[in-house]
Chemist: 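The structure is given below, and queries will be raised subsequently.
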There are 2 protein chains.
Amino acid sequence: MAKYHETPIDRTFFALADPTRRQVLERLKSEPGLSISELAQPLPIKMPGLMKHLAVLSDAGLISRTKAGRVVTVSLAARPLSEAADWLHHFEAFWNVSLDRLAALVEEEGEA
Amino acid sequence: MAKYHETPIDRTFFALADPTRRQVLERLKSEPGLSISELAQPLPIKMPGLMKHLAVLSDAGLISRTKAGRVVTVSLAARPLSEAADWLHHFEAFWNVSLDRLAALVEEEGEA
DNA sequence: TGAAAACTTTGCTATATGGCGAAGTATCAT
DNA sequence: ATGATACTTCGCCATATAGCAAAGTTTTCA
């Protein structure tokens, strides 16, 4: 098979495909500058599990770490999110079309 | 571990995390009503591989199939895409902030 | 009827993911 | 120097993903 998540956008969408990781991003949005322990505290998983999720988020460029003493502060990087949004954006015209119209289109095509 | 892609939004982001699947969606956007063979034609993978990708897209609700004789026509379903875009949307304010301002924030937090 | 076409399913393989406990590395406080 | 704190890495496991060839199904055409 091809490489698993080769491009940046692959890594971004993959990173977003997990509720724990999305929760981390949302938490960092509302409470910037949390440490890794603080992020871990409400989560139902152990530290090594969180470390793996943070590695996925780092690989996607969605977070960056800053070490101060023994505390690692995590911050959100918005760029990949905006790139993912851009990709979705060029479908916007499509999802604004009513479902009725879509159904009509499908039937039309079915006859061809 | 928790279930792999339990929620609709998990499945949507996961489906988007692969270039073949994104290519299928883009192709369906510009050429609605393609059959599975037509979708397969430009792709560097065999039919069983495409079938798996289509299954992932179906599970995410991103496509639907319509069978006419032996030909299966695939059409794009926009709803999950718009929901994914909505999730990203609530980070928009964040990525509109300049990177300079972000850097400042990080330093500020570093001192606390 | 018989064969081709279009799709589907069935194994099979290799690699990735997501979790854990345990052990390791810094850093800070006593 | 000792020990605690904060994070990191290591092995290990179970399951998922992504690919293929080959065999199976349904529909169409000769």
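Heavy atoms only: backbone and side chains are in, while hydrogens, waters and symmetry mates are out. Keep in mind it's a predicted model, so treat the numbers as computed, not measured. In what follows, chains carry the letters A, B, and so on, assigned in the order in which the sequence lines appear, proteins first and then strands, with residues in each chain numbered from 1.
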Chemist: Could you tell me if the side chain of B/Phe13 sits less than 4.5 Å from the side chain of A/Asp18, heavy atoms only?
Modeler: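 Not in contact.
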
Chemist: Roughly how many Å is it from CG in B/Asp10 to P in C/dG18, rounded to a whole number?
Modeler: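 Between P of C/dG18 and CG of B/Asp10: 10 Å.
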
Chemist: What's the closest nucleotide to the side chain of A/Asp18 if the choices are C/dG18, C/dT8, C/dT9?
Modeler: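 Nearest to the side-chain atoms of A/Asp18, counting from C-beta on, is C/dG18.
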
Chemist: What's B/Ser35 touching, base or sugar-phosphate or nothing? Going by heavy atoms closer than 4.0 Å.
Modeler: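 Sugar-phosphate, no base atom in range.
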
Chemist: Of the nucleotides C/dT27, C/dC20, C/dA6, which one has an atom closest to the side chain of A/Arg70?
Modeler: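 Comparing C/dT27, C/dC20, C/dA6 against the side chain of A/Arg70, the answer is C/dT27.
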
Chemist: Would you mind reading off the distance between A/Phe13 atom CZ and D/dT17 atom P, rounded to a whole angstrom?
Modeler: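 It works out to 18 Å between those atoms.
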
Chemist: Taking only the side-chain nitrogens and oxygens of B/His53, find out if one of them lies under 4.0 Å from OP1 or OP2 of D/dG19.
Modeler: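 Checking B/His53 against D/dG19: at least one side-chain N or O falls below 4.0 Å of OP1 or OP2.
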
Chemist: Write down the distance between CG (A/Asp59) and P (C/dG18), rounded to a whole number of angstrom.
Modeler: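 The answer, rounded to whole Å, is 12 Å.
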
Chemist: Starting at CG of B/Leu50 and ending at P of D/dC20, how long is that distance when rounded to a whole Å?
Modeler: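 Distance, rounded to whole Å: 11 Å.
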
Chemist: To the nearest Å, how far apart are B/Ile36 CD1 and C/dA5 P?
Modeler: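 Interatomic distance, CD1 of B/Ile36 to P of C/dA5: 18 Å.
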
Chemist: Answer yes or no: does a side-chain N or O of A/His5 lie under 4.0 Å from OP1 or OP2 of C/dT17?
Modeler: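 Checking A/His5 against C/dT17: at least one side-chain N or O falls below 4.0 Å of OP1 or OP2.
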
Chemist: Between A/Ser35 and A/Glu38, do the side chains contain a donor N or O and an acceptor N or O under 3.5 Å apart?
Modeler: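 Checked: A/Glu38/A/Ser35 side chains pair up, N/O donor to acceptor below 3.5 Å.
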
Chemist: Just the rounded figure in Å: distance from P of C/dC28 to NZ of A/Lys67.
Modeler: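 Going from A/Lys67 (NZ) to C/dC28 (P), I get 9 Å.
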
Chemist: Any base atoms under 4.0 Å from A/Lys46, or only sugar-phosphate, or nothing? Heavy atoms, all strands.
Modeler: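 Sugar-phosphate contact only.
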
Chemist: For the side chain of B/Lys52, starting at C-beta, report the closest nucleotide among D/dC20, C/dT8, C/dT17.
Modeler: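 Nearest to the side chain of B/Lys52 among the choices is D/dC20.
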
Chemist: For the pair made of CE in B/Met51 and C1' in D/dA23, what is the distance, rounded to whole Å?
Modeler: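 After rounding, the reported distance stands at 15 Å.
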
Chemist: Of all the choices, D/dT17, D/dT27, C/dA6, which nucleotide is nearest to the side chain of B/Val71 once you look at every atom?
Modeler: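 Selected nucleotide: C/dA6.
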
Chemist: With hydrogens left out and only the distance checked, is there a donor-acceptor pair under 3.5 Å joining B/Tyr4's side chain and the base of C/dT17?
Modeler: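 Side chain to base: pair present.
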
Chemist: Between B/Arg65 and B/Thr73, do the side chains contain a donor N or O and an acceptor N or O under 3.5 Å apart?
Modeler: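 No, B/Arg65 and B/Thr73 have no side-chain donor paired with an acceptor closer than 3.5 Å.
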
Chemist: A/Arg65 has an atom CZ; how far is it from atom P of C/dA26, in whole Å?
Modeler: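 Checked: the CZ to P distance equals 16 Å.
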
Chemist: Have a look at B/Leu39 and tell me which of B/Ile63, B/Val24, B/Val72 forms a side chain to side chain contact (heavy atoms under 4.5 Å, CB included) with it.
Modeler: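 Of the listed residues B/Ile63, B/Val24, B/Val72, the side chain to side chain contact (heavy atoms under 4.5 Å, CB included) partner of B/Leu39 is B/Val24.
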
Chemist: By nearest heavy atom, map A/Pro44 and B/Leu54 onto DNA chain C; which one lands nearer the 5' end?
Modeler: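 Checking each residue's closest nucleotide, the 5'-ward one belongs to B/Leu54.
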
Chemist: To the nearest 0.5 Å, what is the distance between NE2 (B/His5) and CG (B/Asp59)?
Modeler: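 The NE2 atom of B/His5 sits 11.0 Å away from the CG atom of B/Asp59.
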
Chemist: Looking at the side chain of A/Pro48, which of D/dG19, C/dA26, C/dC20 is the nearest nucleotide?
Modeler: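 Nearest listed nucleotide: C/dC20.
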
